[in-house]
Amino acid sequence: MNIVSILKASIQKAVEALYDKKVSLEELSINETKAEFSGDYTLVTFSLTKLLQKKPDEIAHELGSYLLANDPLVTDFEVIKGFLNVTIHSDYFIEFLAGNYSNSQYGKSDWAHEKIMVEYSSPNTNKPLHFGHLRNIFLGHAVAAILKNVGNEVVKVNLINDRGIHICKSMIAWQLFANGITPEQAHVKGDHFVGDYYVKFNDEYKLQVATLIADGMNEELAKKEAPIMLAAQDMLRKWEAGDEATLTLWKTMNSWVYAGFDVSYKKLGITFEHIYYESQTYLSGKSIVEKALANQLLFQKEDQSVWIDLTDAGLDQKLLLRGDGTSVYMTQDIGTAMLKYNDYHTDKSVYVIGDEQNYHMQVLKLIMQKMKEPCADGIQHLSYGMVELPTGKMKSREGTVVDADDMVDEMVGIAKKNTEELGKVDGFSSEELLQLYNTLGLGALKFYLLRVDPKKKMIFNPEESIDFHGFTGPFVQYSHARISSILRKATVEDLTLDVKPAISRTEKNLLKLLEQYPAILFQAAKEMNPSIVCNAVYQVAKEFNAFLVDHSVLKAADANTMKQRLQICLLCKHVIAHGLHLLGIAAPERM
RNA sequence: GGUCCCGUAGUUCAAUGGAUAGAACGAAAGUUUCCUAAACUUUAGAUACAAGUUCGAUUCUUGUCGGGACUACCA
């Protein structure tokens with residue numbers, strides 16, 4: 001129970017005692033009191049006027065007087081119009097501090113008990129990861145950690161799109177232009193290596209189309225008839241037919257890509273419990289569709305193609321199997337959804353996928369519901385907005401894609417430069433320095449991508465580097481390092497207090513933030529929104545820095561005050577480290 | 001055309017229908033004999049437009065203008 005819940009319950013009782021009326025906890029609106037008024041929390045009484053048949057300020061006065069007289073937690077109140085500003089006894093926060101400062105897991109809770117799968121990253125194997133993928137990856141990783149933190153059992157999975165025309169394009173280009181060279185021989189990271197041939201394919205394709213048009217063919221036909229495109233399609237057919245040479249090449253090139261991805265994932269600190277491959281799942285939807293057809297849940301057109309009718313949901317009819325019996329994209333997703341469910345029997349299955357696929361995901365869920373599959377209701381699309389450049393979307397054809405590996409290297413480079421300029425790292429070994437640069441560079445990058453509400457698209461300007469000051473990862477990390485420094489210098493072991501010194505306004509503000517932290521994490525889990533965690537740790541870090549300015553910890557006036565301030569330091573450190581950990585960000589002891 | 005999303009300081013982002021719309025960067029000015037100045041303090045600066053619902057609207061409704069996504073027997 002946190003103070004807001006306690007206060008709500010107390011007000012509920014007060015309403016009953018004063019007016020003999022019942023008000024639900026949901027009807028009570030309590031906010032933090034704005035800084036310019038005295039008080040800690042504010043009850044808005046306008047909404048109670050109908051129920052109580054009184055004016056808002058009257059209600060506020062009466063409730064305030066009652067609370068002051070009957071609730072020992074309330075030490076003062078003030079009424080301004082329909083706002084009842086309540087001051088909470090400092091002892092509540094002092095007790096809270098004493099009871100939690102030593103708990104390094106403070107913030108972890110046991111409020112939810114579902115089994116949840118989170119699918120994220122989900123790359124194609126024809127090109128390396130770019131900046132947009134990073135948003136997906138960090139989101140998935142953080143959301144999984146946030147869901148787990150409140151008590152859920154979480155399974156993190158990656159679904160790799162390893163088959164289809166896109167990889168055939170890379171394969172054809174490699175056959176035509178590579179002379180058998182491998183990434184090792186070329187000294188290029190595997191995913192970039194294969195991506196380069198995907199680009200080569202498109203360059204050559206454009207050239208061939210232009211040539212055909214110059215020879216008098218119309219554009220539409222030229223795009224279909226370009227020899228390199230025909231070759232890629234032929235290769236896809238061979239792949240599907242199980243042609244051995246094609247499969248061998250496919251496996252080889254994919255293994256190069258995976259080697260590259262592994263390096264990136266490792267650097268980013270990203271892990272999965274299970275990896276699905278579309279090459280292994282893409283056929284599995286077919287039998288499910290056929291079963292549903294037999295059960296009259298779907299219908300067939302004259303050409304034998306299978307459809308589902310979603311017009312009653314305001315959507316169209318959707319194709320699920322072609323006339324020749326082959327699968328479409330949606331069929332694969334149906335199969336994969338079933339496979340995931342059969343593997344783990346989850347209550348929820350979260351898909352971290354960009355908002356361009358909102359419609360697709362809506363249709364997938366509807367189809368599963370129509371087919372009465374047990375996994376249907378648990379399907380949740382965690383839709384996030386695209387990362388855009390100031391000029392608009394990133395386009396590989398225009399060469400405006402920001403590569404993920406380059407971005408990471410750049411951020412680590414900036415971390416190195418900043419650290420060297422500040423010159424605070426005497427005594428670091430070269431290994432520790434490298435680790436620090438990684439910690440700070442990745443911290444800046446992850447925080448930058450996670451601090452924005454996932455639903456909203458975000459704009460990244462490559463001209464301006466990601467900041468290390470203000471509302472950023474390094475700022476929070478720095479605060480953690482400062483706290484750690486103080487704690488290292490502290491000589492007392494036992495922080496138990498003999499007497500409890502009074503706390504200042506700043507200290508109370510800080511303790512209020514810390515006290516709310518578990519509830520904030522619960523909200524972040526409910527909304528699957530890491531930006532809430534970014535905000536929470538930033539607020540704590542900021543308020544802590546303000547606290548440090550005029551509260552000497554190690555040179556406090558007396559031993560009890562010092563110990564109490566050390567308790568504050570410890571709890572702040574725990575919360576910052578815990579919150580950053582949920583975001584996938586490391587908290588350095590020194591920087 | 002249809003469906004959906006988005007317009008908040010110069011810029012990037014906040015704000016369960018609540019008080020005088022918060023931060024950060026950038027701009028201007030200041031703080032260090034003292035626990036890390038990657039910090040702190042101060043100043044200037046915004047809800048695209050117009051109606052409506054409400055005691056109260058950045059938030060809900062409608063319209064206008066502007067931006068984006070989706071709308072394949074592609075994946």
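Chain letters run A, B, ... following the sequence lines, proteins first, then strands; residues in each count from 1. Owing to the predicted nature of the structure, the values given are computational and were not obtained by experimental measurement.
Shown here for A/L48 and A/V23, the closest heavy-atom pair between the two residues is CD2-CG2, 3.9 Å.
Comparing the C1' positions of B/rU11 and B/rG26 gives a spacing of 8 Å, expressed to the nearest Å. Between B/rA37 and B/rU41, the two P atoms lie 14 Å apart (nearest whole Å). B/rU59 and B/rU71 are spaced 31 Å apart, taking the P atom of each and rounding to whole Å.
Pair check for B/rG30 finds B/rC40; Watson-Crick or G-U wobble, both atom distances under 3.5 Å. Across all strands shown, B/rC55 pairs with B/rG18; the Watson-Crick or G-U wobble distances both stay below 3.5 Å.
When the P atom of B/rA75 is taken as reference, atom CG of A/L236 falls 9 Å away, rounded to whole Å. Put simply, CD on A/E36 is 15 Å from P on B/rG18, counting in whole angstrom units. Counting to the nearest Å, the P atom of B/rU16 and the CD atom of A/E26 are 18 Å from each other. Between A/K542 atom NZ and B/rU41 atom C1' the separation is 10 Å, expressed in whole Å.
Among B/rA75, B/rC35, B/rA14, the nucleotide with an atom closest to any side-chain atom of A/L548 is B/rC35. For A/R322, the side-chain atoms get nearest to B/rA75 when compared with the rest of B/rG68, B/rU36, B/rA75. Taking only side-chain atoms of A/R482, from C-beta outward, the nucleotide of B/rA69, B/rG7, B/rA37 with the closest atom is B/rA37. Side chain of A/I459, nearest nucleotide from B/rC13, B/rA39, B/rC73: B/rC13. Distances were taken from every side-chain heavy atom of A/Y538 (C-beta onward) to each of B/rA24, B/rA69, B/rG67; the shortest belongs to B/rA24.
Residue-to-nucleotide contacts include a donor-acceptor pair under 3.5 Å from the side chain of A/T42 to the base of B/rA19. Scanning atom types as modelled, no donor and acceptor separated by under 3.5 angstrom connect the side chain of A/N535 and the base of B/rA15.
Between the A/R565 side chain and the A/S552 main chain, a donor and an acceptor come within less than 3.5 Å of each other. Side chain of A/Q477 to main chain of A/T439: a donor-acceptor pair is present (N/O by atom type, distance under 3.5 Å, no hydrogens or angles).
At B/rU12, none of the side-chain N or O atoms of A/K456 fall inside 4.0 Å of OP1 or OP2 (strictly under the cut-off). Remark: A/S485 is in phosphate contact with B/rU36, judged by side-chain N or O atoms under 4.0 Å from OP1 or OP2.
Across all strands shown, A/N358 has no heavy atoms under 4.0 Å from either base or sugar-phosphate atoms. Here A/D333 lies out of heavy-atom contact (under 4.0 Å) with every strand.
The 5' end of RNA chain B is approached more closely, in terms of each residue's nearest nucleotide, by A/Y359 than by the other of A/N161 and A/Y359. Where A/I30 and A/H166 each meet RNA chain B at their nearest nucleotide, the meeting point lying more 5' is that of A/I30.
Ring-to-base geometry places A/F37 in a stacked arrangement with B/rA19 (centre distance under 5.5 Å, plane angle under 30°).
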